[in-house]
Amino acid sequence: MQVRTRFAPSPTGFLHLGGLRSALYGYLFARKNQGSFILRIEDTDQERYVEGATQVIYDTLRDCGMNWDEGPDVGGAFGPYIQSERKDLYLPYARQLVESGHAYYCFCTREELEERRQAAEARGEVFKYDKHCLHLSREEVQQKLDAGMPWVIRQNAPTEGETSYHDEVFGDMTFPNDSLDDMVLIKQDGMPTYNFANVIDDHLMGITHVMRGMEYLSSTPKYNLLYQAFGWEIPAYIHMPPVMRDEHHKLSKRDGDAYYSDFIAKGYLSEAIINYLALVGWNPGTDQEFFTMDELIDAFDVHRINKAPGIFDVNKLTWFNAEYIRRLPPEKYLETVTPWFDRVLAGKGIHYPRLAELMQDRTEIFSQVPDMVAFLGKLPDYSADLYTHKKMKTNPAIALASLEMIRPVLEGISDWSETVIHDTVMAAIADAGLKNGAVLWPLRIAISGQASTPGGAIEIAWLLGKEETLRRLDTGLEMLRSVN
RNA sequence: GGCCCCGUGGUCAAGAGGCCUAAGACAUCGCCCUUUCACGGCGGUAACUCGGGUUCGAAUCCCGACGGGGUCACCA
């Protein structure tokens, strides 16, 4: 059997990481089985529709390396792939169900329903539609229709017995039928509800494996009843637990920090995001942690999807990101980091390739880069306390002596290259009978103005250039003379 | 509240009756390397929710409690 899965987001905003993971698992499963991955846009709720959201979905998926075989923009034999464009297709199916007694017209207004709902709540009961309109005769229905009364079509669900189905990750599920409500199939505006459109579309599009969040676990019996009423084959179900923000809340669109685009803006690599996301709720059963998309496809197995929700851990994502950055070819790293350098170093004449070499192993997220290299563009204000470091055996007094010793040495260097600076400085330190740290620490502090820097004194001196190095050294000397 | 699902360290998780004195990873702590920081290396702290069963033997099976999540819309 040709496997066909689908990702069916509603265009209500940016794609958050939970949604991205659903897409990923669907994509992985389809590819793993040489099947097709279909993209369908579920925009039946005009009130929540957000302009441009569909494009964001396309861009995000492509960015992450997930290509769909059929979809709104690429076409396919089962289109259209945008639900609103399929609008007219659903009503006939609903009517068919009305004819066969599996559904019925309902003329109850929202207000009436609301009253009954509140009355039920007042009695401490759960409101369930009472099939009020089921008993209308054919004539009465026609009369109301002719009179132009607003209507909806509801499913006629059984009230006794139970319905079972099998889920690939949760196993066998059974629900008592009396918990099934007569859900609305066609809304008053003529649009199908998600519940209905979803069944019709999945069938029409030949979806063999329905993959979706586990929040649909309990409404699946109602969908199965629909499939049966039509005499259609019920698809295989793969329900997935949610990705949580913390123990109590799942990642949602209301949490701005969960958007894929935000992570990209902060300097996370899409490969790292995908790799990490794949591992929240699923594992390969081995110790392998790093996966390319192809390796993910190869290792993926829906039976290894966990049933319990997984909490999204930015820490681990950040670690993955740092690892991916370290593994980047140097040229690629340089290219990616350049705009981040530019934010604070544009026009400063800093040698980016060398800086990039120094920075690559220290970059966890690109957005941290500007703060880490800003000192090269402008010497920050710093305190003389920085000259004190126990392990380096230095303090302001020692630092003053060290810097006074090293300044003329640096000034005397004509070939300002790292090796020459290194050899000259180290030789001078040895000649003076000093410890490396007693000179190198103060030097680095004087020219960088901060306790930790990417690279040591020599590298920074080279990056800064002779002139700027001496200028900063003088500033440091001045400060030290005033405090000593 | 009814119904459904789930419950191994702070987090992701391996584990499908004896191999568990419970892997691995992130985080955290310590040491080493080192001209700082980072990288890297080594080591440490830290978990089977609880209570009953079943069994020679249970993290693994059963029941209950507790905890968490979901669902009960003309939203998807």
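What's counted below: heavy atoms across the whole structure, side chains too, no hydrogens, waters or symmetry copies. Per chain, numbering begins at 1; letters A, B, ... match sequence-line order.
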Student: Which part of the nucleic acid does A:L317 contact within heavy-atom distance under 4.0 Å: base, sugar-phosphate only, or nothing?
Tutor: nothing
Student: Base, sugar-phosphate alone, or nothing: which one does A:H239 contact when heavy atoms must sit under 4.0 Å apart?
Tutor: nothing
Student: In whole Å, I'd like the distance from the CD1 atom of A:I447 to the P atom of B:U36.
Tutor: 14 Å
Student: Whole Å only: how far is the CD atom of A:Q155 from the C1' atom of B:C74?
Tutor: 15 Å
Student: Scan A:K391 against the nucleic acid and name what it touches under 4.0 Å (heavy atoms): base, sugar-phosphate only, or nothing.
Tutor: base
Student: Rounded to whole Å, how long is the line connecting atom NZ of A:K435 with atom C1' of B:U36?
Tutor: 16 Å
Student: Nearest to the side chain of A:R362, which nucleotide is it out of B:A73, B:A38, B:G40?
Tutor: B:A38
Student: Hey, does A:M173 reach any base, or is it just sugar-phosphate, or nothing, if we go heavy atoms under 4.0 Å?
Tutor: sugar-phosphate
Student: Hey, does A:E247 reach any base, or is it just sugar-phosphate, or nothing, if we go heavy atoms under 4.0 Å?
Tutor: sugar-phosphate
Student: Under 4.0 Å between any heavy atoms, over every strand shown, what does A:Q360 touch: base, sugar-phosphate, or nothing? Just pick one.
Tutor: nothing
Student: Is A:G456 touching bases, backbone alone, or none of the nucleic acid, heavy atoms closer than 4.0 Å?
Tutor: base
Student: Go ahead and name the base partner of B:U28; Watson-Crick or wobble counts if both distances stay under 3.5 Å, otherwise write none.
Tutor: B:G44
Student: Any protein N or O atoms within reach of nucleotides 6-14 of chain B? Criterion: under 3.5 Å, listing atom names and distances.
Tutor:
| residue | atom | partner | partner atom | Å |
| --- | --- | --- | --- | --- |
| B:C12 | OP1 | A:I311 | N | 3.2 |
| B:C12 | O2' | A:L279 | O | 2.9 |
| B:A13 | OP1 | A:G281 | N | 2.5 |
| B:A13 | O3' | A:N283 | ND2 | 2.9 |
| B:A14 | OP1 | A:N283 | ND2 | 2.3 |
| B:A14 | O3' | A:R304 | NH2 | 3.4 |

Student: Regarding A:M392, tell me which of base, sugar-phosphate or nothing describes its non-hydrogen contacts under 4.0 Å with the strands shown.
Tutor: sugar-phosphate
Student: Suppose we call a contact any N or O donor and acceptor under 3.5 Å apart; does that hold for the side chain of A:R444 and the base of B:U36?
Tutor: yes
Student: Atom CE of A:M359 to atom C1' of B:U36: distance rounded to whole Å?
Tutor: 14 Å
